[in-house]
Student: 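Next up is a structure, given as structure tokens.
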Amino acid sequence: MINNQMITPIVEVLMKNKDFDNLVTSAILEFFDFIKKENLKVLIAHITENFENLHQITYVSTFKAIWALQQNNIERTKSEDVVSPVIVHKKSSEEDSEFSQIPTTMVGGIVPYGDDDDDE
């Protein structure tokens, strides 16, 4: 969407029809509301960087919320850059014994697990 500049014509149609309450405007507002609800970070960043004129539309809170989300996303990214914990996983002897019980021989594509040879 961004590479093909598909949002630009959508914004242009919205700006031309912003004073009208019609199906086209409603569909476009629903599109932006979806982006907001799903917090689609790449699209939110693109919208806030390239379509400042959307702030003119104040009869819905969608665009104000998109700009607020962008600020939150930026702040989160900065805080994640500062604190980057390193997680090291160490195998325990319990894991070793648990995995050693899993059969590794395959016969006809089936792993024989829990064979009931005693029943025959």
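These numbers were taken from a predicted model, which means no experiment stands behind them.
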Student: Mind checking whether Ile74 and Ile44 sit in one hydrophobic cluster, side chains of I, L, V, M, F, W, Y counted as touching below 4.5 Å?
Tutor: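 No, Ile74 and Ile44 fall in different hydrophobic clusters.
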Student: Evaluate side-chain contact (heavy atoms from CB on, under 4.5 Å) for Val11 paired with Phe32, printing each intermediate quantity in order.
Tutor: CA-CA 10 Å; Val11 171; Phe32 285 108; 3.8 Å; yes
Student: Say whether Met15 and Phe31 are linked into one hydrophobic cluster, either directly or through other cluster members, by side-chain heavy-atom distances under 4.5 angstrom.
Tutor: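 Linked within one cluster.
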Student: State the CD1-CD distance between Ile28 and Glu12, to the nearest 0.5 angstrom.
Tutor: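 The CD1 atom of Ile28 sits 10.5 Å away from the CD atom of Glu12.
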Student: Return the OH to CG distance between Tyr59 and Asp19, rounded to the nearest 0.5 Å.
Tutor: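 The CG atom of Asp19 is 7.5 Å from OH of Tyr59, to the nearest 0.5 Å.
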Student: Once salt bridge (charged side-chain N to carboxylate O under 4.0 Å, His left out) is applied, do any residues pair with Lys37, and if so which ones, sequence neighbours excluded?
Tutor: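 Salt bridge (charged side-chain N to carboxylate O under 4.0 Å, His left out) check on Lys37 returns Asp33.
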Student: Distance check, rounded to the nearest 0.5 Å: Leu14 atom CG versus Leu54 atom CG?
Tutor: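 Here the interatomic distance stands at 6.5 Å.
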Student: Between NZ of Lys18 and OG1 of Thr58, what distance do you get to the nearest 0.5 Å?
Tutor: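 Those atoms lie 9.0 Å apart.
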Student: Looking at residues at least two apart in the chain, or sitting in another chain, which of them share a side-chain contact (heavy atoms from CB on, under 4.5 Å) with Asn50?
Tutor: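 By the side-chain contact (heavy atoms from CB on, under 4.5 Å) rule, Asn50 matches His46.
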Student: How many angstroms lie between atom CG of Leu40 and atom CD1 of Ile35, to the nearest 0.5 angstrom?
Tutor: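 Reported to 0.5 Å precision, the distance equals 6.0 Å.
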Student: Using only atom types and a distance under 3.5 Å, with no angle test, would you say the side chain of Thr25 pairs donor to acceptor with the backbone of Asn17?
Tutor: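 Looks like yes, one N/O pair under 3.5 Å.
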Student: I need the minimum non-hydrogen distance between Ala65 and Lys36, along with the two atoms involved.
Tutor: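 Heavy-atom minimum between the residues: CB-CD, 3.3 Å.
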Student: Under the side-chain contact (heavy atoms from CB on, under 4.5 Å) criterion, do Glu52 and Trp67 qualify, and how do the steps go?
Tutor: CA-CA 10 Å; Glu52 187 68 33; Trp67 262 261; 3.9 Å; yes
Student: Measuring from atom CD1 of Ile66 to atom CD of Gln71, what distance do you get when rounded to the nearest 0.5 angstrom?
Tutor: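 Interatomic distance, Ile66 CD1 to Gln71 CD, rounded to 0.5 Å: 13.5 Å.
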Student: For Asn22, does the CG atom sit with more than 12 other heavy atoms under 6.0 Å from it, leaving out its own atoms?
Tutor: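 Count over threshold, so yes.
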Student: Between Phe20 and Val24, is there a shared hydrophobic cluster once you connect ILVMFWY residues whose side-chain heavy atoms come closer than 4.5 Å?
Tutor: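 Shared cluster, no.
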Student: Would you check, one step at a time, whether the test side-chain contact (heavy atoms from CB on, under 4.5 Å) holds for Asn73 with Asn39?
Tutor: CA-CA 9 Å; Asn73 292 340; Asn39 194 12; 3.1 Å; yes
